[in-house]
Engineer: 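Structure incoming, see below.
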Amino acid sequence: MPARTVYLETFGCQMNELDSELVAGQLRSLGYAFAPDPEAADVVLYNTCSVREHAEQKVWSRLGELAARKRREPGLVVGVLGCLAERDGTDLARRMPVVDILCGPGELDKLPALLDNAVRTREALAADETPGPRLVSAQQFALQGNASRRSATLAAAEDNLEMLDLSRAISPIDRNGSAYVRITRGCNKFCTYCVVPFTRGAEVHRPPRHIIDECKRLADAGVIEVTLLGQTVNHYRFEHGSAVTVGGVVQPQKGRSYAGGHARDPFAGAHTTTFADLLARIHDEVPAIERLRFVTSYPRDFGDDVLEAIRDHPRICRYLHVPAQSGSDRILKAMNRGYSASEYLEFLDRARAHLDTPDRPLMVSGDFIVGFPTETDDDFAATTRLVERARYKSAFIFKYSPRPGTVAFDKLPDDVPEDTKRRRNNDLLALQSRISDEIARAQVGRTARVMVEGVSRREMKRSGLTKSEIRRRESVTLTVGGREPIADPPRAEEAPPAISVQLTARTDGDLIVLFDAPPGRAPADLIGRIVPVRIDSADRLSLHATML
Ligand code: 5AD
Ligand code: SF4
């Protein structure tokens with residue numbers, strides 16, 4: 001097969017960023033090269049998100065743009081990976097004949113075979129000059145349908161996706177000291193608005209040995225910050241007594257019930273690794289990891305044992321991302337979240353009682369959906385009260401987006417008018433901005449150790465990058481911690497012609513800090529390191545500091 005050049009663009013969440021990294025590593029090992037722009041590539045892959053309609057529309061418009069190019073270049077291969085492929089499946093392929101490959105997030109291990117097939121078929125097609133009818137479609141699909149939920153109930157089902165994680169290509173050059181490590185896949189919560197349980201399948205937990213070994217390999221490659229990933233990380237639990245091995249590989253285990261509330265898991269014994277155990281083991285067994293973080297936590301089922309593990313292990317960050325989604329009990333019930341607003345706030349109080357100290361304040365962030373079906377002004381007022389009480393350092397606020405296939409889509413009318421959704425979104429953003437600002441100002445005068453992620457947006461602008469290049473780099477920078485987009489060879493940051501280069505970094509509590517590299521220090525030497533700074537001033541979005 002002639003060498004092919006791939007452009008891979010990622011939309012959506014951190015889980016997708018990690019999936020893209022694994023896919024890229026796998027394709028690279030098979031001889032594919034990577035390009036930073038779609039124009040320079042003959043394979044274009046989009047790893048998509050389906051959580052809100054807006055995220056899907058971006059992909060649709062990218063695919064529309066590719067259609068004209070494909071008429072000129074019949075050898076071009078186009079693939080849609082991830083949650084949109086899984087959710088919209090063959091409908092998407094029918095409506096968008098430009099698409100050659102559909103590969104759901106649970107089938108990414110099959111991508112090389114699909115791609116190889118698609119490349120060969122398109123090559124044959126491009127070379128076919130005989131008159132008469134031609135093969136016009138070469139579409140290849142790997143989707144789970146409902147099989148993911150079925151197979152997860154069979155404890156012995158082989159989890160091929162685990163092989164993808166296990167074969168992760170780790171090289172020291174393609175990251176800036178920071179990496180994601182998956183601990184669970186899928187989700188069992190079935191919040192009524194959410195597609196994730198359908199697109200990513202049932203919750204499974206990776207064997208602790210696999211997770212710890214991956215952390216060690218990353219640390220050996222120079223990683224000092226690991227973010228553990230899962231839709232509901234605090235549900236993590238692995239029962240060694242029931243572990244199943246297939247072909248010598250211990251298989252991930254399906255999610256089970258949790259002790260919940262404050263309680264320690266009464267059934268957890270020497271043969272169970274709970275989330276608290278996992279945190280402690282990674283902390284103790286991989287001391288080269290200077291920062292251990294995890295997202296996303298579910299507000300229920302968060303035992304004191306986890307809070308104690310964070311408190312007692314100094315390299316675990318004092319940062320929790322715990323979406324509340326709403327402050328109205330009626331709406332929380334309609335969302336099937338399984339907790340009330342007061343239970344959520346009690347959890348935050350408990351977390352702060354364990355973890356909030358003057359020298360290491362606990363920082364919390366949250367997610368909210370405004371305009372969920374039937375949400376009234378009173379419901380929304382309850383959400384603003386919760387936001388006032390919760391004192392988030394930041395919050396992600398989304399307008400409700402009806403998703404086909406979910407319970408809310410089927411059973412509830414999308415009855416909050418768009419302008420009401422927009423107004424509530426703006427009102428909540430304004431409230432959160434004020435709180436973020438207050439929290440940031442309280443940091444002024446403190447010293448902090450910050451992880452340097454890359455050059456700041458201001459610096460990227462100064463170095464003449466186009467807006468879209470900045471956006472692309474930023475989407476990676478903000479979520480992955482300064483890694484370059486997937487491209488070969490990794491491009492070095494061009495030092496701008498200024499004397500001081502502004503860098504972006506994060507505190508232990510996930511606050512963004514901007515500071516100038518001190519004269520005489522090459523910015524590239526600071527990226528991927530933890531350095532001490534003094535916080536001089538604050539605004540809503542970031543802290544400004546001086547390196548000490
Ligand atoms: N509409 C709007 N926001 C949603 N989210 C998930 N599904 C939807 C939806 N249908 C938000 C939730 C979740 C975050 C990842 O995306 O707030 O925490
Ligand atoms: Fe979606 Fe709820 Fe699972 Fe989060 S916990 S992924 S919002 S179903």
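Remember, it's 1-based here, ligands and their atoms both numbered in the order they're listed.
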Engineer: Does the pair Y7 and Y46 meet the rule for a side-chain contact (heavy atoms from CB on, under 4.5 Å), with working shown?
Structural biologist: CA-CA 8 Å; Y7 170 77; Y46 294 125; 4.2 Å; yes
Engineer: Pair F347, F302 - check ring-ring contact (aromatic ring centres under 6.0 Å, His included), show working.
Structural biologist: CA-CA 8 Å; F347 162 68; F302 206 115; 4.9 Å; yes
Engineer: Starting from atom 6 (C) of ligand 1, which protein heavy atom do you reach first, and at what distance in Å?
Structural biologist: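 Answer, as residue, atom name and distance: V51 CG1, 3.3 Å.
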Engineer: Please report the number of protein N, O or S atoms that lie less than 2.8 Å from atom 2 (Fe) of ligand 2.
Structural biologist: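 For atom 2 (Fe) of ligand 2, protein nitrogen, oxygen or sulfur atoms under 2.8 Å: 1.
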Engineer: Which ligand 2 atoms, with their elements, are less than 4.0 angstrom from a heavy-atom of Y193?
Structural biologist: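 Every atom of ligand 2 under 4.0 Å from some heavy atom of Y193: 7 (S).
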Engineer: Which residue pairs pass the salt bridge (charged side-chain N to carboxylate O under 4.0 Å, His left out) test with at least one member in residues 371-387, sequence neighbours excluded?
Structural biologist: R330-D379, E375-R424, D377-R424
Engineer: Using a 4.0 Å heavy-atom threshold (strictly under), name the region of I369 that reaches ligand 1: side chain, backbone, both or neither.
Structural biologist: side chain
Engineer: Using a 4.0 Å heavy-atom cut-off, say whether K399 meets ligand 1 through its side chain, its backbone, both or neither.
Structural biologist: backbone
Engineer: Would you call the rings of H235 and Y298 parallel, tilted or perpendicular, taking 30° and 60° as the class edges?
Structural biologist: tilted
Engineer: Distance under 4.0 Å to a non-hydrogen atom of Q325: what atoms of ligand 1 satisfy this?
Structural biologist: 12 (C), 13 (C), 17 (O), 18 (O)
Engineer: How are the rings of Y344 and Y392 set relative to one another: parallel (under 30°), tilted (30 to 60°) or perpendicular (over 60°)?
Structural biologist: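 Taking Y392 first and then Y344, their aromatic rings sit tilted (interplane angle of 30° to 60°).
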Engineer: Does only the side chain of F398 get under 4.0 Å from ligand 1, or the backbone, or both, or neither? Count heavy atoms.
Structural biologist: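 Side chain only; the backbone of F398 stays clear of ligand 1.
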Engineer: N/O to N/O below 3.5 Å, does that happen between D367 and ligand 1?
Structural biologist: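 Between D367 and ligand 1, an N or O pair is found under 3.5 Å apart.
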Engineer: What do you reckon, does R52 have a nitrogen or oxygen under 3.5 Å from a nitrogen or oxygen of ligand 1?
Structural biologist: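 Yes: some nitrogen or oxygen of R52 is under 3.5 Å from one in ligand 1.
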